[in-house]
Number of protein chains: 4
Amino acid sequence: MAGGAKARRLPRVVRERQMVDAAVRCFARHGYQAASMDEIAELAGVSKPLVYLYLGSKEELFTACIRREAGALLAAVDAGVGGAEVPPDERLWAGLLAFFTYAADHPDSWVVLSRQARTQGEPFAGEVARMRDEIVGFVAGLIGEAAGEADVVITGRDVDALAQALVGSAESLASWANETPGVAAKEAAATLMNFAWAGLGNLMKSERWSPRRRLPGSKVTG
Amino acid sequence: MAGGAKARRLPRVVRERQMVDAAVRCFARHGYQAASMDEIAELAGVSKPLVYLYLGSKEELFTACIRREAGALLAAVDAGVGGAEVPPDERLWAGLLAFFTYAADHPDSWVVLSRQARTQGEPFAGEVARMRDEIVGFVAGLIGEAAGEADVVITGRDVDALAQALVGSAESLASWANETPGVAAKEAAATLMNFAWAGLGNLMKSERWSPRRRLPGSKVTG
Amino acid sequence: MAGGAKARRLPRVVRERQMVDAAVRCFARHGYQAASMDEIAELAGVSKPLVYLYLGSKEELFTACIRREAGALLAAVDAGVGGAEVPPDERLWAGLLAFFTYAADHPDSWVVLSRQARTQGEPFAGEVARMRDEIVGFVAGLIGEAAGEADVVITGRDVDALAQALVGSAESLASWANETPGVAAKEAAATLMNFAWAGLGNLMKSERWSPRRRLPGSKVTG
Amino acid sequence: MAGGAKARRLPRVVRERQMVDAAVRCFARHGYQAASMDEIAELAGVSKPLVYLYLGSKEELFTACIRREAGALLAAVDAGVGGAEVPPDERLWAGLLAFFTYAADHPDSWVVLSRQARTQGEPFAGEVARMRDEIVGFVAGLIGEAAGEADVVITGRDVDALAQALVGSAESLASWANETPGVAAKEAAATLMNFAWAGLGNLMKSERWSPRRRLPGSKVTG
DNA sequence: GATGAATGAGTTTTCATTCAT
DNA sequence: AATGAATGAAAACTCATTCAT
């Protein structure tokens, strides 16, 4: 008797994967608090005590979800990005493409990481913040590298701020793309690349925007 | 006898404000689900039944928070932005400045709007999405206007995507600024202005970024 | 200024009547527990503290309702029934007619007395039981009287049981008549008179029903 | 180890029965609204969550009580009544006996069915009304049958009204018997049989009661 | 390896009731 | 004569978690 509809007595690793899969889905759909262990167990096709036996507690289960999904996202981006011999804009492009592709392919994972985990306070926010910091750091590195190549001096905080801005726009675009039918990952990546890298390029050329001077109360003149 | 520690028998409007104030704080700190009506009532200095008498239910209370804070944010931005006679970049600058200032001055409000409300599903997500859409629309208008001035043709969806990216980076920067000591609203606005408007400027000049061509599997050559 | 839509500053007696009127209606519709003092006060057109000022408490209010309505029902029946010079069957007929008429004219009152009050345990059940006992006693008196006239000896308990049965059938018929369109009070009274007085008459003649004798397991024979 | 004071880990069916038993008792004593789930759970010897897990909600629990008890009452009556070959008066006698016996043996059940359920509005009143209608229908059938045998023509509504009256008197007697020490089921059934069947018999013989004619305002003359 | 049975602790919500004016 | 403001107490219901098998 092989290939029954419901496999019993599976090895632990398989069962754990099923459970975390189910949990990611539930957490994505309902949020951490509203997702119930009952529902997760049912969706995983196991009994509740087994979930506790393998994953410990709801908190640990959520943490496991965050860790696994964060790792997968980072791995996907890392795999897409080339080594130091590739110029920074190419590396950013590759990273963005990998990122948008991951977000599109794993919408539940993306919702958990970008939304649910960050609103649940510690320890979850910290857990996902670590991953985000890594990405921000990666982007900051690229920006710094580009600045170096262009012989431009930028303060560390400016670099951080720019990286934050870029990552934020990527996050926003990813969610928008997931919710808007017909927006491909490649398209989103291209838009962002145009938007961001060009802006960075100008910064490199020290072309900064500043408000025009005008007399208080007077109308603006061309 | 003035200035007692605990004011009793206040008029309804005052009490309602106190309650919504307390609720915003609790919801910001713990999220919608984890915040308890008990805690909110205590923080507001009233009994739970009064909260229900005046605000109806937890759901209505959260909605009231979202509406009030979204209104305040929009009002702040609207008040900062000039009319159509002001050029778009100036209007964006003014809007960003007002936005970052609001987020810095009302961190709980900002957390509720940007994080908590958006993760709680309907009807809350929709409530705050309306406000965000207004801002995205405002930014999209500016971008379109700038494109018109530069005689550049951009598709509506590209404008939308750019607006999403810009708003996303502003959100990201606002949260980062709030969590990073010593980052002023003006500074954040300036960074974003440089980053974003310059990027848009390049787009206007049709200078687009595109990946360099390379043979599959081959190394990239500078 | 006379004849306004909402009269304020009414004399106490009037206000109390309004309140008890409203209470009877609410208690009839929702039952004692489910009826809320808020609703009663609103229906009476006064504020809740006034209800408490005049009627004391929910329990006292319900008791007041029961007392007033029970008194009204008894008064109606008493008024309809003649004195001792009238023969018992005529008195029963008059009482039934008055009773069915009252129940039809005051359906809320009847619901409160027959259903709501009796299910709420003490002290309410006792309150209404007193009234019912009076009616049962009245009926028992008539039966006893008729027995006396017919020179038949019946035990007190038999008389009680017969009175209980007669009153129960009257109650049942009254509720049925109120819920069944087109059944007049007079009709119900006539049906019951036929049904009951004839049965009593037979009893008077000592014609009793008893199960026929039959052999166990055998078929019944004519 | 048998006969422990408190049995733990019982199969679901057993627990459910215990819970419904306890619920019937509480509902009978306090009514639907006043009975608390806490008390029911305690009386059943389980925790509240288990009650909710097995029975769903207070409403469903009450419905379950009504259904079970109504079913038991109907089954008891059905079992007592013979088939169509038994003459109608014998069938009525058997039904009444079974009915009074059931009411005496299960006083809580009887209180729930006759009082509590009928005052709680829909869906409970409807639930129990179905059962009562079955009994009324059964009685109406007997009356009709008897009328047929006696070659008497009665309208359907008269039959209905008589059945309502008979059932009402049975209900009244049952409650009275339960509250009055020393009244046996058999005695109550006999009283009712004498009272009711004789009355019906007279109806069959078309001996109807009617008020004597008298001049308006005049005294009655023997 | 896996589960049916069970619960402590907490949630939102409601309501009769009172105070201060 | 009358009320807007306010609450203590308790209700229904849920959920993460564990035990015994």
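Every chain is numbered from 1, with letters handed out A, B, ... down the list of sequences.
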**OP:** Could you tell me which nucleotide pairs with F:dA10 by Watson-Crick or G-U wobble geometry, both distances under 3.5 Å, or answer none if nothing does?
**Re:** E:dT13
**OP:** Would you check if D:K58 and D:Y32 make a side-chain contact, meaning some heavy-atom pair closer than 4.5 Å?
**Re:** yes
Original post:
Separation of D:E42 atom CD from F:dA10 atom P, in whole Å?
Top reply: 14 Å
Original post:
Whole Å only: how far is the CG atom of D:L53 from the P atom of F:dC13?
Top reply: 14 Å
Subject >> Check: C:R118 and C:R132 side chains under 4.5 Å, non-hydrogen atoms >> reply: yes
**OP:** Going 5' to 3' through nucleotides 14-21 of chain E, assign each nucleotide B (protein heavy atom under 4.0 Å from a base atom), S (under 4.0 Å only from sugar-phosphate atoms) or - (no protein heavy atom that close).
**Re:** BBSBBB--
**OP:** For residues B:T63 and B:I66, determine if any side-chain heavy atom of one lies less than 4.5 Å from a side-chain heavy atom of the other.
**Re:** no
**OP:** Take the protein atom NE2 of A:H30 and the nucleotide atom P of F:dT14, then report the distance between them rounded to whole Å.
**Re:** 15 Å
Original post:
Is there a donor-acceptor contact under 3.5 Å linking the side chains of C:E39 and C:H30?
Top reply: yes
Subject >> Nearest-Å distance for atom pair CG/C1', residues A:L55 and F:dA16 >> reply: 14 Å
Original post:
Rounded to whole angstrom units, what separation is found between the CG atom of B:L10 and the C1' atom of F:dT7?
Top reply: 15 Å
Subject >> Rounded interatomic separation in angstrom, taking CD from B:Q18 and P from F:dA5 >> reply: 13 Å
Subject >> Contact check, side chains of C:D108 and C:R29, non-hydrogen atoms, under 4.5 Å >> reply: yes
Original post:
Is there a Watson-Crick or G-U wobble partner for F:dA1 with both distances under 3.5 Å, and if so, which one is it?
Top reply: none
**OP:** Evaluate the side-chain proximity of B:F27 to B:I40: yes if any heavy-atom separation is below 4.5 Å, no if none is.
**Re:** yes
Original post:
If only side-chain N and O atoms of D:R15 are considered, is one of them under 4.0 Å from the OP1 or OP2 phosphate oxygen of E:dG4?
Top reply: no
Original post:
Between F:dT14 atom P and D:E60 atom CD, what is the distance in whole Å?
Top reply: 10 Å
**OP:** By nearest nucleotide on DNA chain F, pick out whichever of C:R12 and B:V13 is the more 5' one.
**Re:** C:R12
Subject >> Side-chain touch B:R68/B:R17, heavy atoms, less than 4.5 angstrom >> reply: yes
